[in-house]
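Note sheet for the following structure.
Note that the structure is a prediction, hence the values are computed from the model and not measured. Reckoned from all heavy atoms, side chains included, excluding hydrogens, waters and symmetry mates.
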Amino acid sequence: MLSLLVLHGPNLNLLGKREPGIYGAQTLAEVNASLQVEAATLATQLEILQSNHEGALVDAIHAAMDRHQGILINPGAYTHTSVALRDAIAGVDLPTVEVHLSNIYRRESFRHHSYIAPVAVGQISGFGVESYRLGLHALVGYLRSRAITS
Ligand code: DQA
């Protein structure tokens, strides 16, 4: 069975309470439950982790190397700051899809740059919690088509 790591970065534990006008009313637990349901329809297993700590996210990416075939990540604010996360993703060489609830390009200019995007298969930004669902489908589709062609 396909197995993926889903990573949520800093402050995403506050989903539902945090700036709901930007990030929506759903809690992280609700988002994760919907992702698990969606993954089951795709015959895919998910390990889901949220951390506010950059090093813990780096460790989780390293650990994914032997356990998972791909990574779905919302790096939160580390998107715009973290060379370490970018290097970890490049280092493990696992296909990664970057997602954002908000459209980072419509917001403050400091959010317009992503350190993750150049090492990701692609990025989905701006569709609220739907970004995660779209990202999951995109990653599964990418991995399955690659398995057929290689
Ligand atoms: C975010 C966008 C980031 O700029 C922000 O720091 C977040 C959430 C999003 O999902 O829209 O924490 O990644």
Side-chain angles (χ1 to χ4, degrees), residues 1-65 67-90 92 94-143:
M1 196 191 256
L2 200 58
S3 182
L4 306 177
L5 175 66
V6 178
L7 280 182
H8 304 282
N11 301 306
L12 292 165
N13 54 310
L14 298 181
L15 275 188
K17 296 191 197 88
R18 172 193 187 203
E19 303 182 85
I22 297 175
Y23 299 117
Q26 281 196 46
T27 65
L28 187 62
E30 289 165 346
V31 171
N32 288 341
S34 316
L35 275 176
Q36 291 286 12
V37 168
E38 198 69 28
T41 70
L42 298 167
T44 297
Q45 194 167 282
L46 303 181
E47 176 188 349
I48 306 181
L49 180 90
Q50 186 276 331
S51 181
N52 295 321
H53 304 277
E54 191 174 15
L57 295 165
V58 169
D59 286 344
I61 291 166
H62 293 179
M65 209 170 1
R67 297 216 286 261
H68 303 292
Q69 286 86 55
I71 301 173
L72 183 68
I73 185 169
N74 182 347
Y78 290 143
T79 307
H80 320 298
T81 63
S82 183
V83 177
L85 277 186
R86 173 206 183 110
D87 285 354
I89 292 166
V92 299
L94 285 173
T96 296
V97 170
E98 175 186 352
V99 301
H100 298 283
L101 296 148
S102 62
N103 180 346
I104 57 175
Y105 304 100
R106 288 182 68 169
R107 301 184 62 197
E108 303 94 326
S109 58
F110 64 84
R111 295 186 203 275
H112 296 179
H113 176 259
S114 168
Y115 278 100
I116 310 304
V119 294
V121 176
Q123 184 197 70
I124 295 168
S125 175
F127 295 94
V129 293
E130 177 73 359
S131 290
Y132 283 100
R133 204 185 64 83
L134 293 168
L136 176 64
H137 278 264
L139 182 55
V140 169
Y142 176 85
L143 289 167

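- In plain terms, the two heavy atoms of Leu85 and Pro75 that are nearest each other are CD1-CB, 4.1 Å.
- Between the side chains of Asn52 and Gln50, at least one donor N or O sits under 3.5 Å from an acceptor N or O.
- A cation-pi contact links Arg18 to Tyr23, judged by a cut-off of 6.0 Å to the six-membered ring centre and 45° from its axis.
- Counting heavy atoms from C-beta outward, Leu72 and Leu4 have side chains that stay 4.5 Å or more apart.
- A pairwise comparison of heavy atoms in His112 and Ile104 identifies CD2-O, 3.1 Å as the closest pair.
- Contact of the Leu49 side chain with the Val6 side chain is not registered, since no non-hydrogen atoms from C-beta on lie closer than 4.5 Å.
- No side-chain heavy atom of Leu139 sits under 4.5 Å from any side-chain heavy atom of Ile71.
- Side-chain contact check for Thr79 and Glu98: no donor-acceptor pair (N or O, by modelled atom type) lies under 3.5 Å.
- A heavy-atom distance below 4.5 Å is not found between the side chains of Ile73 and Val99.
- With a 4.5 Å cut-off on side-chain heavy atoms, Pro95 and Tyr142 count as touching.
- Between Asn74 and His100, the closest heavy-atom pair is OD1-ND1, 3.7 Å.
- When all heavy atoms are compared, the tightest approach of Arg107 to Ile22 is NH2-CD1, 3.6 Å.
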Next item on the list: Evaluate side chain to side chain contact (heavy atoms under 4.5 Å, CB included) for Val129 paired with Leu101, printing each intermediate quantity in order.
Entry: CA-CA 6 Å; Val129 293; Leu101 296 148; 3.9 Å; yes

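- Note: Leu143 CG to Thr44 OG1 = 8.5 Å, rounded to the nearest 0.5 Å.
- Distance check, rounded to the nearest 0.5 Å: NE2 of His62 to CG of Leu57 gives 11.0 Å.
- For the residue pair His137/Glu38, the side-chain donor-acceptor check at 3.5 Å is satisfied.
- In this structure, Tyr78 has its ring center no closer than 6.0 Å to that of His80.
- Side-chain atoms of Arg86 do not come within 3.5 Å of backbone N or O of Ile116 as any donor-acceptor pair.
- For Glu30 (side chain) and Thr27 (main-chain N/O), a donor-acceptor pair under 3.5 Å exists by modelled atom type.
- Annotation: side chain of Leu136 is in contact with side chain of Leu42 (closest heavy-atom distance under 4.5 Å).
- When the side-chain contact (heavy atoms from CB on, under 4.5 Å) test is applied to Ala63, the partners found at least two apart in sequence or on another chain are Arg67.
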Next item on the list: Walk me through it: do His8 and Leu28 pass the test side chain to side chain contact (heavy atoms under 4.5 Å, CB included)?
Entry: CA-CA 9 Å; His8 304 282; Leu28 187 62; 3.6 Å; yes

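- Not a single donor-acceptor pair under 3.5 Å links the side chain of Ser34 to the backbone N or O of Asn32.
- The two atoms that bring Val58 and Ala88 nearest to each other are CG1-CB, 4.2 Å, heavy atoms only.
- Shown here for Ser125 and Ser102, the closest heavy-atom pair between the two residues is OG-O, 3.0 Å.
- Note that the CG atom of Leu5 and the CE atom of Met65 stand 12.5 Å from one another [nearest 0.5 Å].
- Using a 4.5 Å heavy-atom threshold, the side chains of Glu47 and Ser3 count as separate.
- Considering CD of Gln123 and OG1 of Thr96, their distance stands at 13.0 Å, rounded to 0.5 Å.
- At least one side-chain heavy atom of Leu46 sits less than 4.5 Å from a side-chain heavy atom of Leu35.
- Atom CG of Leu2 sits about 5.0 Å away from atom CD of Gln69, to the nearest 0.5 Å.
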